[in-house]
Amino acid sequence: MKNISLDITKAACFLQDGVVKAYEPKIKEAQQALEAGTCPGNDFLGWLHLPSSITEAFLDEIQACANVLRENCEVVVVAGIGGSYLGARAVIEALGNSFAWLVQDKKNPTILFAGNNIGEDYLSEMTTYLKDKKFGVINISKSGTTTETALTFRLLKKQCEAQRGKEEAKKVIVAVTDAKKGAARTCADKEGYTSFIIPDNVGGRFSVLTPVGLLPIACAGFDIKQLVAGAQNMEKACGVDVPFEENLAAQYAAVRNGLYHEGGKKIEIMVNYQPKLHFMSEWWKQLYGESEGKDKKGIFPASCDFTTDLHSMGQWIQDGERTIFETVISVEEPNKQLLFPEDEENLDGLNFLAGKRVDEVNKMAELGTRLAHVDGGVPNIRISMPKLNEYYLGQLIYFFEIGCGISGNVLGVNPFNQPGVEAYKKNMFALLDKPGYEADSKAIKERLAAEA
């Protein structure tokens, strides 16, 4: 079976000869620190060998729970934010029907995502949609007190119980949370919900291969065993003893650090030519942004969907400030086939495409854009996936995870904490007069009054 592949030639050429290779000792040291658990954040390394630790019995347990939800629900709402939903959504959107909300799929429940915003209109519209639906909830929160998710879960819990009765609701509400502590754990134990554990040593953005991601993906009808098998394969392929020239994650970490430190490239744009990968880019943005963006360091992660965004961002990418590089995810073979038809009048002048696959046109747009951007001074890294399926998505997920861990260590930051995200929460709680934030509330309100 083929693996995903990496081409760094169109990025390394923007650096002096030998720069990428010169990073090999740093990359090796960083990866050895991960293996030995001597790096910053070493209490959050549970993801490192997670794929190879997952057993068939564990996956069967997750699948059994997913089957209960699938058999008893028209809709399953996944309540979570950040790493508690992005990985699952990335896989589900990549593998699902692009028009799933319009298709009456009798085999699979509709998967909705909530708890990732505080939009009153969004929540109101969602609860209205669910009024005549048999729905269940997967509540994903380690603490159970994350504002966005906790607020949403309270609404959904009350509605599910009102519509299905408390006993029936117990069967279709599942908690994915801490093993022992927190509001979500207390609620799950008190109500008798089926629950799964978020490992203490796996941070949210690295948690897609735990029940956080596996349960929603299984509910959507996709093969979690193949997903894990792909990740297991990539864990071996990117192991600490794999030579630098064969280790995709090591090469990725080396070239992006070279472009950042020696090439002055401060922005990495994740590009795809397959619309189904939009949320994979969103997951990647959190993974790298939250891992590397600290201590006034870090490459800024952005993303574009091509060719769509060539008509909005293409000008800036081609001719704007030369502080960017692109990482392109290319899918070699689509799952569907569609040919351009012949048209007698040919008013649009497209008969030269008649009989060609749509994907052939897309591939030429990809190649043409890559050539243009390289000519315009934009280094290009290319990741190629043989097909868009569970196995290769599993490979891609672990590739990005290990690449992130290595890159963060080379950068000299703790890739596994996120101290910066607490600042807004402190201000928000103070402004909402949450108990315990009285002093902060007074200080912030005095500051706002002075600035008014």
Side-chain angles (χ1 to χ4, degrees), residues 1-4 47 49-76 78 80 83-100 103 105-113 136 138 140 174 176 194 196 202 206-237 272 274-280 283-284 329 331-337 383-401:
M1 202 169 191
K2 294 172 67 178
N3 292 329
I4 64 171
W47 59 272
H49 295 297
L50 178 64
S52 58
S53 72
I54 296 173
T55 65
E56 288 270 331
F58 180 67
L59 293 176
D60 288 340
E61 183 183 355
I62 290 176
Q63 189 64 59
C65 178
N67 290 345
V68 171
L69 290 170
R70 287 169 56 78
E71 291 163 7
N72 291 279
C73 300
E74 300 169 82
V75 179
V76 175
V78 180
S84 294
Y85 93 102
L86 277 172
R89 187 164 192 178
V91 174
I92 291 169
E93 298 270 351
L95 298 175
N97 189 311
S98 301
F99 302 92
V103 178
D105 187 346
K106 300 300 183 184
K107 295 188 299 181
N108 300 304
T110 299
I111 308 295
L112 299 182
F113 295 91
I138 302 174
I140 305 173
V174 180
V176 183
T194 298
F196 292 92
V202 179
F206 289 86
S207 68
V208 62
L209 296 173
T210 74
V212 168
L214 295 176
L215 180 59
I217 292 166
C219 284
F222 301 117
D223 190 339
I224 56 175
K225 290 186 177 180
Q226 278 297 298
L227 186 79
V228 170
Q232 290 171 340
N233 174 284
M234 192 52 55
E235 181 186 330
K236 293 176 184 175
N272 72 77
Q274 167 55 273
K276 289 173 175 287
L277 288 172
H278 173 83
F279 273 94
M280 184 57 66
W283 170 79
W284 171 87
I329 304 177
V331 179
E332 293 175 20
E333 181 64 27
N335 291 316
K336 304 284 173 47
Q337 187 174 116
I383 300 165
S384 182
M385 299 176 66
K387 284 190 77 73
L388 199 53
N389 61 24
E390 292 94 333
Y391 183 79
Y392 292 120
L393 285 171
Q395 286 196 345
L396 189 68
I397 286 166
Y398 189 81
F399 163 78
F400 279 134
E401 288 182 347

If I compare all heavy atoms of Phe206 with all of Glu401, which pair ends up nearest, and what's the gap?
O-OE2, 3.4 Å
Heavy-atom pair of closest approach, residues Gln395 and Ile4
OE1-N, 2.9 Å
Do the non-hydrogen side-chain atoms of Leu277 and Val331 ever get within less than 4.5 Å of each other?
yes
Does a side-chain heavy-atom distance below 4.5 Å link Trp284 with Ile329?
no
Over all atoms of both residues, closest heavy-atom pair of Cys219 and Arg70
O-NH1, 3.0 Å
Could you tell me which residues satisfy side-chain hydrogen bond (donor to acceptor under 3.5 Å, both in side chains) with Gln337, sequence neighbours excluded, listed by chain and number?
none
Quick one: closest heavy-atom pair of Trp283 and Ala90, and the distance?
CB-CB, 4.2 Å
Mind listing the closest non-hydrogen atom pair of Lys2 and Tyr391 along with its distance?
O-CE2, 4.2 Å
What are the two closest heavy atoms between Ala94 and Leu388, and how far apart are they?
O-CD2, 3.4 Å
Which residues share a side-chain contact (heavy atoms from CB on, under 4.5 Å) with Thr55, sequence neighbours left out:
Ala57, Phe58
Do Ile62 and Cys65 touch side chain to side chain, with heavy atoms closer than 4.5 Å?
no
Heavy atoms from other residues, nucleotides or ligands near NZ of Lys236 exceed 12 (cutoff 6.0 Å)
no
Pairwise side-chain contact, Leu393 with Met280, heavy-atom cut-off 4.5 Å (strictly under)
yes
So, do Val228 and Leu214 sit near enough that their side-chain heavy atoms are less than 4.5 Å apart?
yes
side-chain contact (heavy atoms from CB on, under 4.5 Å) partners for Asp60, two or more places apart
Lys225
Distance in Å, Phe222 CZ paired with Asn108 CG, rounded so as to fall on 0.5 Å steps:
6.5 Å
